[in-house]
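Beneath this line is the structure, given in structure tokens, with notes to follow.
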Amino acid sequence: MLITHDTRCALDAVVDLVNTAPDDDTKDGLANLAALEDFVRKHEISDVGTLSELDLSAVRKIRGRFSRIFATSDPRAAAVLINELVAGAGTTPRLTDHDGYDWHVHYFAPGASIADHLAADCGMALAFFVVAREQERLRRCEAPDCRRAFVDLSRNRSRRYCDSRTCGNRLHVAAYRARRKEAAG
């Protein structure tokens, strides 16, 4: 599956957005307007004006909708969710070559809010996975104490953890120690 630079940026943004959601062990990664501004800066999201509390609320709302896409294994259910996000954003595809990047497509309308911007661009990035019958690459970490979202871009679709150096390594070490303890008897 060919993933262009702009699609990769949108995938990184949507994964990070979903992973800002609070759970039992972590606080809301979008707890305030400064956190949203940091998110926009980190992901170099273009054409974003001055952000407000209304933007923060709207981004949190679409974050939940994106989370449901990562939670479903049913392509039809994912398609419904993606279609709702993209349609609600007033998608307006247009070619652009800004900031030193070659030609690529923006799906958000000029002057769109940050929530509509994310819904359009990130929604389309996820749509490409459904169209290519690669939705199973949109995953949640299999570590029992972690449910972070990630996109499995491995060649053989074998990635199981959000980060092999943390979650994967922790589980492998625990399994090794259990085997050693059992062998020692």
Side-chain angles (χ1 to χ4, degrees), residues 1-26 28-30 39 42-45 59-89 91 93 101-108 115 117-180:
M1 177 174 186
L2 174 67
I3 298 176
T4 61
H5 171 78
D6 52 315
T7 300
R8 181 59 193 253
C9 289
L11 290 172
D12 291 344
V14 73
V15 165
D16 282 353
L17 178 63
V18 168
N19 289 335
T20 65
D23 61 22
D24 296 338
D25 299 323
T26 61
D28 191 336
L30 291 178
F39 179 88
K42 175 185 175 189
H43 290 284
E44 299 177 351
I45 300 173
V59 170
R60 285 180 182 151
K61 185 176 179 180
I62 66 160
R63 173 180 65 187
R65 297 171 75 189
F66 278 124
S67 291
R68 291 196 302 271
I69 295 167
F70 278 85
T72 186
S73 60
D74 178 18
R76 291 195 182 279
V80 168
L81 294 166
I82 292 168
N83 285 339
E84 289 172 354
L85 275 165
V86 171
T91 307
Y101 294 108
D102 205 0
W103 289 106
H104 59 282
V105 179
H106 281 186
Y107 295 96
F108 60 93
H117 181 133
L118 291 169
D121 276 4
C122 296
M124 289 303 300
L126 297 179
F128 296 142
F129 280 80
V130 175
V131 168
R133 298 180 189 269
E134 297 282 355
Q135 182 194 346
E136 73 275 1
R137 291 181 181 269
L138 309 177
R139 298 194 176 163
R140 292 285 187 162
C141 185
E142 291 182 19
D145 58 341
C146 181
R147 294 300 299 150
R148 292 178 57 83
F150 68 94
V151 178
D152 178 4
L153 297 177
S154 67
R155 186 173 294 178
N156 62 357
R157 299 174 189 84
S158 62
R159 187 171 160 197
R160 297 174 47 205
Y161 308 108
C162 63
D163 187 340
S164 60
R165 290 171 295 186
T166 54
C167 289
N169 191 43
R170 188 175 63 249
L171 289 176
H172 290 121
V173 168
Y176 171 77
R177 288 180 179 156
R179 286 191 306 272
R180 294 279 308 237

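Nothing here was measured: the structure is a model prediction, and the numbers come from that model. These numbers come from the heavy atoms of this one structure, side chains and all, not from hydrogens, waters or symmetry mates.
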Sub-3.5 Å donor-acceptor pair from the side chain of R139 to the main-chain atoms of E136, do we have one?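 Yes.
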Between CG of L153 and CZ of F129, what distance do you get to the nearest 0.5 Å?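 L153 atom CG to F129 atom CZ measures 5.5 Å (nearest 0.5 Å).
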Can you tell me how far apart CZ (R157) and CZ (R137) are? Round to the nearest 0.5 Å.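 It is 4.5 Å, given to the nearest 0.5 Å.
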Smallest separation among heavy atoms of [X] and [Y], with atom names:
X: T91; Y: Y107; result: CG2-O, 3.1 Å
X: A149; Y: V15; result: O-CG1, 3.3 Å
X: R140; Y: V18; result: NH2-CG1, 3.5 Å
X: Y161; Y: C167; result: CB-CB, 4.1 Å
X: A119; Y: L85; result: CB-O, 3.7 Å

Note, [X] side chain near [Y] side chain (heavy atom, < 4.5 Å):
X: I3; Y: F128; answer: no
X: N19; Y: F150; answer: no
X: V86; Y: M124; answer: yes
X: L118; Y: I45; answer: yes
X: R160; Y: D152; answer: no
X: V14; Y: V151; answer: no
X: R65; Y: E84; answer: yes
X: R147; Y: E142; answer: no

Quick test of your reading of the model: are D28 and R60 salt-bridged, counting only N-O distances below 4.0 Å?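 The answer is yes: the pair qualifies as a salt bridge.
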Parallel, tilted or perpendicular for F108 and H117, by the 30°/60° rule?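 Geometry flag for H117 against F108: parallel rings.
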Is there any salt bridge (charged side-chain N to carboxylate O under 4.0 Å, His left out) pair reaching into residues 3-18, and which pairs are they, with sequence neighbours excluded?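 Listed by first then second residue: R8-D12, D16-K42.
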Distance-only donor-acceptor pairs under 3.5 Å for side chains of residues 69-77, two or more places apart:
{"from": "T72", "atom 1": "OG1", "to": "D74", "atom 2": "N", "distance (Å)": "3.1"}
{"from": "D74", "atom 1": "OD1", "to": "R76", "atom 2": "N", "distance (Å)": "3.2"}
{"from": "D74", "atom 1": "OD2", "to": "A77", "atom 2": "N", "distance (Å)": "3.4"}

Excluding sequence neighbours, so at least two apart, what forms side chain to side chain donor-acceptor pair (under 3.5 Å) with S67?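 By the side chain to side chain donor-acceptor pair (under 3.5 Å) rule, S67 matches no residue at all.
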Show your reasoning for whether side-chain contact (heavy atoms from CB on, under 4.5 Å) applies to H104 and T4. CA-CA 8 Å; H104 59 282; T4 61; over 6 Å; no
Could you go step by step and tell me if L126 and L11 meet the side-chain contact (heavy atoms from CB on, under 4.5 Å) rule? CA-CA 7 Å; L126 297 179; L11 290 172; 4.0 Å; yes
